[in-house]
Protein chains: 2
Amino acid sequence: MERKSPANRSLERGLALLRAFRPGSTLLGNGELAERTGLPRATVSRLTQTLVAGGFLQHDQAARAYRLGAPVLSLAYAMRQGSEILRAALPLMRETAENQRINVGLACADGEEMIYLESVRRHRASMFRHITAGSRIPMELTSLGRAHLATLPKAEVERMLALFRARRRAHWPALQKEIRAAIAAVERNGYCRASWQPGVIALAAPLPGQPGYVMNISLATERLSEQEIKTGLVSLLRGLVQEVAARL
Amino acid sequence: MERKSPANRSLERGLALLRAFRPGSTLLGNGELAERTGLPRATVSRLTQTLVAGGFLQHDQAARAYRLGAPVLSLAYAMRQGSEILRAALPLMRETAENQRINVGLACADGEEMIYLESVRRHRASMFRHITAGSRIPMELTSLGRAHLATLPKAEVERMLALFRARRRAHWPALQKEIRAAIAAVERNGYCRASWQPGVIALAAPLPGQPGYVMNISLATERLSEQEIKTGLVSLLRGLVQEVAARL
DNA sequence: GCAGTAATTCCACTGGATGGAATTACTGCG
DNA sequence: CGCAGTAATTCCATCCAGTGGAATTACTGC
């Protein structure tokens with residue numbers, strides 16, 4: 001028997017509509033929204049009207065569709081201001097990225113994905129795949145995601161794995177092995193490694209005492225030997241999370 | 001008789017709760033939320049639970065209060081990706097800020113405030129008052145806000161003025177004069193001027209053909225003479241909005 | 001202008017939302 | 001350590017707001 005917290009259906013649905021907007025689907029009509037959320041059209045129509053009235057959506061007359069409105073930007077700004085963790089970590093992240101000439105990231109979990117709170121990169125014009133604050137990356141493929149998984153209770157991990165399995169039928173056996181190995185690595189050594197973006201290797205570690213938060217460092221593979229990883233980067237990451245945790 | 005669009009009360013209220021989070025009040029408990037929104041406590045309690053379940057709020061156990069969650073960051077990212085205007089304007093804003101050594105802003109209205117979509121400044125470490133994407137600034141005091149007012153229908157302007165009047169009883173006569181003069185200036189010359197932050201002067205102009213969007217340029221007063229304003233900056237701003245509008 | 005599609009409004013129904021009151025969970029102080 | 005004081009949550013009877021299928025209306029592209 002699932003313990004159902006008294007949830008407000010209309011609000012849930014309204015939030016689901018907002019969540020349907022993603023990079024790549026930034027312009028959605030009522031029909032598309034209804035399809036993506038599985039809600040009846042009439043309901044979507046009414047909810048979008050409310051969202052528009054509140055400024056959270058803008059109606060694009062020409063495209064017969066909606067976009068996210070400026071208030072969400074404002075919320076994000078308030079959110080960043082309010083995040084103690086980000087405030088504590090950011091200066092250190094900047095410093096580390098600069099000194100070590102690597103990328104440093106801070107992320108937290110949202111459902112089956114990870115969301116970057118911040119990603120400080122050495123080269124501001126970035127690598128081809130565009131990653132910044134607010135970017136979503138898959139949990140099952142990334143060092144950040146796997147490091148996060150390692151902090152969850154066993155039962156929760158299995159639940160997540162079941163979800164991933166459904167999404168990645170194709171390479172599941174190999175992928176599952178990787179994920180479980182990463183979790184074991186985090187439990188043993190405090191960090192895990194992955195290479196989601198080709199040519200980029202990343203190490204990630206959970207922030208001690210801050211459930212849900214994970215940090216990573218990443219750099220181009222060409223720039224390092226196996227040796228260097230074992231020595232410099234691991235202790236760099238360890239030092240980073242320790243220091244950030246200490247500042248909280 | 002007010003034409004009431006069929007609004008969803010629960011959703012409206014949920015959004016109101018989110019909007020209660022601002023820079024400066026980033027950590028709000030149920031009680032404070034109830035007070036700020038005027039909603040009954042029981043209702044707030046249930047709605048916050050839903051917002052937490054959706055990830056939009058995080059419960060801070062220690063503070064007995066809520067913060068905004070990472071998904072709002074993600075929404076903001078999607079919003080920026082989806083804004084054609086921002087995409088069209090940003091390169092030009094960067095270029096102008098760099099070449100002319102000034103700050104260039106793009107904003108739009110939200111209720112009685114303006115929200116910066118982007119503010120590109122010459123010195124990245126900024127002036128004392130921290131302004132970035134998502135920052136809210138008062139409509140009645142700023143060049144951006146007044147330029148926006150000038151684009152509204154007369155009746156709407158009067159409605160807004162009534163609101164400002166209630167908020168600024170003290171200096172209202174002078175302030176009203178300033179605002180009306182600014183509106184007239186925009187209608188006559190296409191731009192208006194204001195100095196909200198002491199020591200900083202700003203010129204703002206609406207984006208032609210894009211109702212609700214306004215751009216500004218600003219710089220330290222010490223750096224210019226009256227002469228320079230009339231000549232260089234005005235035509236710079238005019239050229240800027242023209243070019244951005246042309247790219248849409 | 002007309003067909004075809006998408007969005008909105010209508011409306012009877014009903015169950016989800018509501019909020020005052022009671023209960024429970026905390027916290028800080030003596 | 002326990003108790004007072006406060007804040008949050010749960011309860012519950014009431015009822016109205018939300019719902020969604022169907023009808024209507026608004027668009028758009030041909």
Side-chain angles (χ1 to χ4, degrees), chain A residues 1-21 25-69 82 84 211, chain B residues 1-21 25-69 82 84 209 211 248:
Chain A
M1 195 70 172
E2 187 64 47
R3 174 111 180 83
K4 65 152 195 285
S5 66
N8 184 305
R9 187 160 59 142
S10 311
L11 180 51
E12 263 180 351
R13 290 174 162 189
L15 298 178
L17 289 179
L18 291 178
R19 264 203 237 88
F21 290 85
S25 20
T26 58
L27 193 61
L28 300 172
N30 277 336
E32 221 161 346
L33 284 167
E35 189 170 350
R36 282 172 198 245
T37 56
L39 298 175
R41 303 197 149 193
T43 303
V44 171
S45 186
R46 262 176 287 120
L47 291 177
T48 50
Q49 281 180 56
T50 304
L51 289 167
V52 168
F56 283 75
L57 291 183
Q58 282 187 327
H59 191 207
D60 185 320
Q61 171 76 3
R64 294 174 85 44
Y66 302 94
R67 317 170 178 284
L68 290 169
E84 315 240 340
Chain B
M1 196 68 175
E2 187 64 50
R3 173 115 179 82
K4 66 150 192 285
S5 67
N8 184 306
R9 187 159 61 140
S10 314
L11 180 51
E12 263 180 352
R13 290 172 162 191
L15 298 178
L17 289 179
L18 291 178
R19 263 201 238 88
F21 289 85
S25 22
T26 58
L27 193 61
L28 300 172
N30 277 335
E32 222 162 344
L33 284 168
E35 190 169 350
R36 281 171 198 247
T37 56
L39 299 175
R41 307 213 146 177
T43 302
V44 171
S45 187
R46 262 175 288 119
L47 292 176
T48 49
Q49 281 181 57
T50 303
L51 289 167
V52 168
F56 283 74
L57 291 184
Q58 282 188 327
H59 192 203
D60 184 320
Q61 172 75 4
R64 296 174 84 45
Y66 302 93
R67 313 169 181 286
L68 290 169
E84 314 239 341
L248 287 167

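Keep in mind that the numbers below use all heavy atoms, side chains included, and drop hydrogens, waters and symmetry copies.
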Write down the distance between [atom1] ([X]) and [atom2] ([N]), rounded to a whole number of angstrom.
X	N	atom1	atom2	answer
A:L57	C:dA7	CG	C1'	15 Å
A:L33	D:dG20	CG	P	15 Å
B:R64	D:dT6	CZ	P	14 Å
A:R13	C:dG15	CZ	P	14 Å
B:D60	C:dC26	CG	P	14 Å
A:N30	D:dG20	CG	P	14 Å
B:L39	D:dA8	CG	C1'	16 Å
B:L17	C:dT18	CG	P	11 Å

With a 3.5 Å distance limit and no angle check, can you tell me whether [X] reaches the backbone of [Y] through a side-chain donor-acceptor pair?
X	Y	answer
B:S10	A:S10	no
B:R36	B:L28	no
A:R13	A:T43	no

Minimum heavy-atom distance between [X] and [Y], given as atom pair plus value:
X	Y	value
A:Y66	A:F21	O-CE2, 3.2 Å
A:G54	B:R19	O-NH2, 2.9 Å
A:R67	B:E84	NH2-CG, 3.4 Å
B:L27	B:A63	CD2-CB, 3.7 Å
B:N8	B:L11	OD1-N, 3.1 Å

If the cut-off is 4.0 Å, is [X] near the phosphate of [N], judged by side-chain N/O to OP1 or OP2?
X	N	value
A:Q61	D:dC27	no
B:R9	C:dG16	no
B:Q49	D:dT10	yes
A:S45	C:dA7	no
B:N8	C:dA17	no
B:R46	C:dT18	yes
A:S10	D:dT19	yes

Quiz item: Taking only Watson-Crick and G-U wobble pairs with both distances under 3.5 Å, what dot-bracket line describes DNA chain D, where [ ] shows pairs that cross earlier ones and | shows pairs with another strand?
Solution: ||||||||||||||||||||||||||||||
Practice problem: Find which nucleotide of DNA chain C each of A:L11 and A:T48 is nearest to by heavy atoms, and output the residue with the more 5' nucleotide. | Solution: A:T48
Exercise. Map B:A42 and A:L47 onto DNA chain D by nearest heavy atom, then report which one ends up closer to the 5' terminus.
Key: B:A42
Quiz item: Of the candidate nucleotides D:dG20, C:dG19, D:dT9, which contains the atom at the shortest distance from the side chain of A:T43?
Solution: D:dG20
